[in-house]
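Remember, predicted model here, so these are calculated numbers, not experimental data. Basis for what follows: all heavy atoms, side chains included, without hydrogens, waters or symmetry-related copies.
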Amino acid sequence: MNTPPRLLGPAEVREALGISAPTYFRWLRDGRLKGVRVGGRWKFPRSEVDRLLGRVDPQEVRRAQAIRAAIEAYAERLVGLGWKRKEVEAMAQSQDGPALATLVLSHALDRGATDIHVIPRAEGLELRERINGALSEVPSSLPQPATDDLVRSVKALAGLDVEVTDAPQEGRCFTAFKERQVGTFVSTYPTDLGEALTIRLLDPATLRLRFAELGFGKTVSDQVLRAVDRPNGVFLVNGPTSSGKTTTLYCLLKFLYQPGRKVMTVEDPVEVHLDGLLQANVTERMGFEDAMRAMLRNDLDVAMVSELRTPEVMRLLFQMAASGHLMLSAMHAPDAISAIRRLLDIGKVPSRLLAENLLGVLDQRLVRLSCPHCRAMKLIAATDADRLKLSGPGRKLRVAANRGCDRCQGTGVHDRCLVGALLAPGKDLRAALDAGEVGEEALRAALPANSRTLRDAVLERLAGGDLSPSSAIEALGV
């Protein structure tokens, strides 16, 4: 990959153009001089100086032509998705780099993507969009000049250092899309072929912040809302990365917030801003432990700690609950009992403290729903039945099989929803913890005989045709 051209600072530009500082600022204000903001300062490509001096570089002309071709190709895609041509042409007429970035983001948002993956290749870039949890390739490869321009533009929009290409960076910004602001989180990863970008999109139009709309079903939803409707205690949401834990926590915060309650959070980073809450980002000067101790001095009622990263954070969570606060957080464990075991083993949370304050562990997964418009039902394949460990009548289960259609863009997937099961400690489990009987077998034996598990919830949706066998297998990790 070619080394990106060095950007010039304001003093270098003034010297090259032979202009005074007032003229520089006037040209900048009037749009005659065009650059990018890097770390709070203006930077300018050498081509901008050449343009103002009337010099034409053949290589620069070819670069501009490649970028314009990429912009026009993406503009046609948006027109193909139903956008008005005048609207798309207006987007494409802005500065080339930002225009291409804006079109790429708009294309992904219009298709309902949650992430854009920018992947460098030997020749140009490959773009992929994550839709309903699955990555799909955008059918084109951007040429090298457009590649460099797109990466630099996205980094500049997210407030990253455009010149740093050999170290990972993270940043965020808001992108205008159809009269609303979409949160955009950008993470870079240096590779031997150039920088890879992951762009996460948080569109407020697609966020479901009512707990009943997440897909758990009425029984689980009612159980969870009853469990958290307490003045103090610890409620945990458990699941792997990208299983919707943050969305669930935000829904619970919105349910719990009322003018008579002070609700605080510490997150890394804040992903959705909720009115009335005091939300804070982890910083170099304020870690999770610092923020939690500060919360205690700020007269809180409800707190959400986005991650339990250290043993001290785990212990603080339960100590704060014991002192009269309702605490919410997330964990990454195979199941609810395993989450409890990690609190005991890794966090060294005293078993009695855990028994007295644990309100529940919601074990959840984000699953892909089969498209109802192209769904057919067929006998489950023996290999799928084996992986799901089905026996008896379960091996004759009729399950969803999708051929793909226009409404699901040929994927067979209509949408995503959450499935889950709540472990709410009963008297037997609390007694086992209180007595120090904390082995995994002892804890599982203390669960009620009719306890519903995540596996039960997934298989129920499979039998109802909502999930395909592949979705069920993915959700259960088997």
K.L.:
Any chance CD of E15 has more than 12 other-residue heavy atoms, nucleotides or ligands included, within less than 6.0 Å?
P.N.:
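No, the 6.0 Å shell around CD holds no more than 12 heavy atoms from other groups.
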K.L.:
If the condition is side-chain hydrogen bond (donor to acceptor under 3.5 Å, both in side chains), which residues does D290 pass it with, not counting sequence neighbours?
P.N.:
none
K.L.:
Minimum heavy-atom separation for M286 and A280, please, with both atom names.
P.N.:
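Where M286 meets A280 most closely, the heavy atoms are CE-CB, 3.9 Å.
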K.L.:
Could you check whether D50 and S47, counting side-chain N and O atoms only, form a donor-acceptor pair closer than 3.5 Å?
P.N.:
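On atom types as modelled, these side chains do not qualify, holding no pair under 3.5 Å.
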K.L.:
Please state whether the rings of H373 and H414 are parallel, tilted or perpendicular, taking 30° and 60° as the class boundaries.
P.N.:
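Perpendicular.
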K.L.:
What I want to check is whether the side chains of Q181 and T175 have a donor and an acceptor closer together than 3.5 Å.
P.N.:
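There is no such pair between these side chains.
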K.L.:
Taking 4.0 angstrom as the limit, do D415 and R368 come out as a salt bridge?
P.N.:
no
K.L.:
If only side-chain N and O atoms count, and only distance matters, is there a donor-acceptor pair under 3.5 Å linking R130 with T114?
P.N.:
no
K.L.:
Under the 3.5 angstrom rule, does the side chain of S153 hit a backbone N or O of D149 as a donor-acceptor pair?
P.N.:
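Pair found, side chain donor or acceptor close to backbone of D149.
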K.L.:
Would you say that more than 12 heavy atoms from the other residues, nucleotides or ligands in this model lie under 6.0 Å from the CZ of R85, or not?
P.N.:
no
K.L.:
Taking 4.0 angstrom as the limit, do K43 and E163 come out as a salt bridge?
P.N.:
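No.
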K.L.:
Please determine if E137 and R128 form a salt bridge, counting it only when a charged side-chain N lies under 4.0 Å from a carboxylate O.
P.N.:
no
K.L.:
For V182 and L202, work out which heavy atoms get closest and say how close.
P.N.:
CG1-O, 3.4 Å
K.L.:
Looking at R210, I'd like to know if its CZ atom is crowded, meaning that more than 12 non-hydrogen atoms belonging to other residues, nucleotides or ligands lie closer than 6.0 Å.
P.N.:
no
K.L.:
Please round to the nearest 0.5 Å and tell me the distance separating atom CZ of R375 and atom CG of N402.
P.N.:
6.5 Å
K.L.:
Do other residues, nucleotides or ligands put more than 12 heavy atoms under 6.0 Å from the CZ atom of R37?
P.N.:
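Enclosed: over 12 neighbouring heavy atoms sit under 6.0 Å from CZ of R37.
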K.L.:
Write down the atom of K155, the atom of V164, and the distance for their closest heavy-atom approach.
P.N.:
NZ-O, 2.7 Å
K.L.:
Counting distance only, does the side-chain N/O of Y250 pair as donor-acceptor with the main-chain N or O of E271 below 3.5 Å?
P.N.:
yes
K.L.:
I'd like to know if E72 and R77 make a salt bridge, using a cut-off of under 4.0 Å between side-chain N and carboxylate O.
P.N.:
no
K.L.:
Once salt bridge (charged side-chain N to carboxylate O under 4.0 Å, His left out) is applied, what residue pairs with a partner in residues 293-312 remain, sequence neighbours excluded?
P.N.:
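Those involving residues 293-312 are D268-R309, R293-E312, E307-R309.
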K.L.:
Pick out which of L422, L418, L454, V220 makes a side-chain contact (heavy atoms from CB on, under 4.5 Å) with Q364.
P.N.:
L418
K.L.:
Can you list the steps and then say if R51 with E48 is a salt bridge (Lys or Arg N to Asp or Glu O under 4.0 Å)?
P.N.:
CA-CA 5 Å; R51 180 182 67 81; E48 181 67 5; 2.5 Å; yes
K.L.:
Taking atom CG of N298 as the centre, does the number of heavy atoms from other residues, nucleotides or ligands within less than 6.0 Å exceed 12?
P.N.:
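Count over threshold, so yes.
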